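Reviewing the structure listed below.
Numbers for residues simply follow the sequence, beginning at 1. Note that the structure is a prediction, hence the values are computed from the model and not measured.
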Amino acid sequence: MINQTAGLYKVLGQTAPLLGTWLPHVGWGTPCALVIALAAIAWGPEISRRLSWRPLIVGTWLTAAAWTMSLALIDGWGRGFVGRMDGSGGYRATVPRVGGISALLHGFTAHIPSGSPTSWDPSVAGNPVGALLTFVGLDRIGLGGPVWASTLCVVVGSSTAAAVLITLRALGGESTARQAAPFVALGPVAIWIAVSADAYFAGVAAWGLTLLALAATGAGRFSTGASVAAGLLLGFSIYLDYGLVLMAIPAFAVLMVARNYYPLVGAIVGALAVVATFTGAGFWWFDGLSLLRHRYLSGIAMNRPFAYWSWANFASLICAIGLPAATALRRAFGTSALRSRRGFECIMIAFVVVLVVADVSALSKAETERIWLPFAVWLVAAPALLPRRSHRFCLGAQAVGALLINSLILTTW
């Protein structure tokens, strides 16, 4: 037990279960974050009820982006924003190693095993080739450098706020989506959206699920195009993050709620097109997963006992979604919600199931506040299930929790 504890501190430091370092601090993002939080608490619920739909979507996205950036800038421009994508390891540092795209796709799996001078950095090896390919692509089109990489993550990651609202409206009605708007705009997940590549992964997967919801609840030609586009995005997402294959569970929930399984055909066509493209170009997804699994289980996972992380993963998740969301999730479970296929509740249940599966796989041990971002960005909407009279209090608790974590701990991601 002593050795396990020592290993835990060695890997995560004394801020476990969160990955970071104790460092009470403020920055010029602090007053910005306070103003955004106070404004959202005071006027957010009322504005979300009165504002017309499209401006509400844009406003929620912009608020989420502003909240995300203000939290990042508590750590400072260099340390909190640019530096996150400018370290000695990771995607940006690996870009100069990449020659041709074809060579990257064909040779990516050869560098996954550890112990070789040519082994990928853990963050690069830990995901399929699509993640590195994205940042190589940015560099090749003239958008190289850490500022562009960080901007991509923040813009796409914060857009999940809009994607969640559109999906909830399609499946659960506009009133439900409007109640969720302030919570997705002011989510504690913003701490890890700025800046981690997982925020970009979350955005791609979220818009894929949103398009599937629109296809399932739409009609005609738009439905067919949306279903294929959903498949393309969801298919691409599994080449960004192996764990995003679990998005099949909420995707099924979307079709179940809509009582329309026809979009599954278009989605499968789109996803298979992505699989065929990557496979034909030289990257076999299952080889990458198998090699990563071996590297993980024989390496860092040995210092991360499952007896601890089986529950500590969820403690990290609660930090990312906030206590109000964790409390509200229990309201989603009930025979009446599943029997009547209520959209909001079924989506929340689906993502909880995803996280339980991810947890028991023992391939998610630690860092789940970041690794589970693609799922957490949906659960942060859960307080909308609580009585309206409690919404301002819940928003306050959500904001205070985020500010305390960001100001007391220097998070690694």
Could you check whether any side-chain N or O of Ser150 sits under 3.5 Å from a backbone N or O of Val195, counting only pairs where one atom can act as donor and the other as acceptor?
no
From NZ (Lys365) to OG (Ser316), nearest 0.5 Å:
14.0 Å
Short question: side chain of His111, backbone of Trp120 - any donor-acceptor pair under 3.5 Å?
no
Is the backbone of Trp67 close enough, under 3.5 Å, to the side chain of Ser70 for a donor and an acceptor to pair up by distance?
yes
Tell me the closest heavy-atom pair linking Leu379 and Phe351, and the distance in Å.
CD2-CB, 3.8 Å
CZ/Arg293: more than 12 non-hydrogen atoms of other groups inside 6.0 Å
no
Judged by atom type as modelled, is there a donor-acceptor pair below 3.5 Å linking the side chain of Thr279 to the main-chain atoms of Ala276?
no
Would you check if there is a donor-acceptor pair between the side chains of Tyr91 and Asn127 at a distance under 3.5 Å?
yes
Within a 6.0 Å radius of atom CH2 on Trp28, are there more than 12 heavy atoms belonging to other residues, nucleotides or ligands?
no
Using distance alone, with no hydrogens and no angle criterion, decide if Thr167 and Thr210 have a side-chain donor and acceptor under 3.5 Å apart.
yes
When rounded to the nearest 0.5 angstrom, what distance separates CG in Leu212 from OG1 in Thr217?
9.5 Å
With a 6.0 Å cut-off on the ring centroids, do Trp284 and Phe278 count as close?
no
Are the side chains of Cys32 and Leu73 in contact, using a 4.5 Å heavy-atom criterion?
no
Taking Ser175's backbone N and O only, do any of them form a donor-acceptor pair with Arg169's side chain (distance below 3.5 Å, no angle check)?
no
CD1 on Ile166 to CD on Glu174, rounded to 0.5 Å
11.5 Å
If you define the side chain from C-beta out and look only at heavy atoms, does anything of Asp359 sit under 4.5 Å from Ser364?
no
Criterion side chain to side chain contact (heavy atoms under 4.5 Å, CB included) on Leu317 and Leu355, from CA distance to verdict
CA-CA 9 Å; Leu317 174 70; Leu355 294 173; 3.4 Å; yes
Main-chain N/O of Ala366 paired to Asn313 side chain as donor or acceptor, under 3.5 Å:
yes
Quick check against the 3.5 Å criterion: does Arg84 have a side-chain atom that pairs as donor or acceptor with the backbone of Ala197?
no
What distance do Ser123 atom OG and Arg370 atom CZ have between them, rounded to the nearest 0.5 Å?
8.0 Å
Quick check: are there more than 12 heavy atoms from other residues, nucleotides or ligands sitting under 6.0 Å from CZ of Phe393?
no
Asn260 (side chain) donor-acceptor with Ala216 (main chain) under 3.5 angstrom:
yes
Taking all atoms of both residues into account, what is the closest heavy-atom pair of Leu71 and Ala33, and its distance?
CD2-CB, 4.3 Å
Whether the side chain of Ser158 engages the backbone of Val155 through a donor-acceptor N/O pair (distance < 3.5 Å, no angle test) should be reported.
yes
Rounded distance [0.5 Å steps], CD1 in Ile101 versus NE2 in His106
12.5 Å
Heavy-atom side-chain contact between Ser48 and Leu56 under 4.5 Å
yes
So, do Trp378 and Phe375 have ring centers that fall under 6.0 Å from each other?
no
Mind listing the closest non-hydrogen atom pair of Leu244 and Ser237 along with its distance?
CD1-O, 3.5 Å
A side-chain contact here means heavy atoms from C-beta on lying under 4.5 Å apart; do Leu18 and Cys319 qualify?
yes
Pair Phe314 + Trp372: ring centers closer than 6.0 Å
yes
Within the structure provided, determine whether Phe283 and Leu104 are in side-chain contact (heavy-atom separation under 4.5 Å).
no
Within the 4.5 Å heavy-atom criterion, are Pro250 and Val354 side-chain neighbours or not?
yes
Mind checking the CD-NE2 spacing from Gln398 to His391? Nearest 0.5 Å is all I need.
11.0 Å
With the side chain counted from C-beta on, respond yes when Ser227 and Val265 share a heavy-atom pair under 4.5 Å apart, and no when they do not.
no
Minimal heavy-atom distance between Pro383 and Phe183, with the atoms involved, is CB-CE2, 3.4 Å
So with a 6.0 Å cut-off around CH2 of Trp148, is the heavy-atom count from everything else above 12?
no
Correct closest heavy-atom pair for Val156 and Val204 would be CG1-N, 4.2 Å
If only atom types and distance count, is the side chain of Thr30 paired as donor or acceptor with the main-chain N or O of Val26 below 3.5 Å?
no
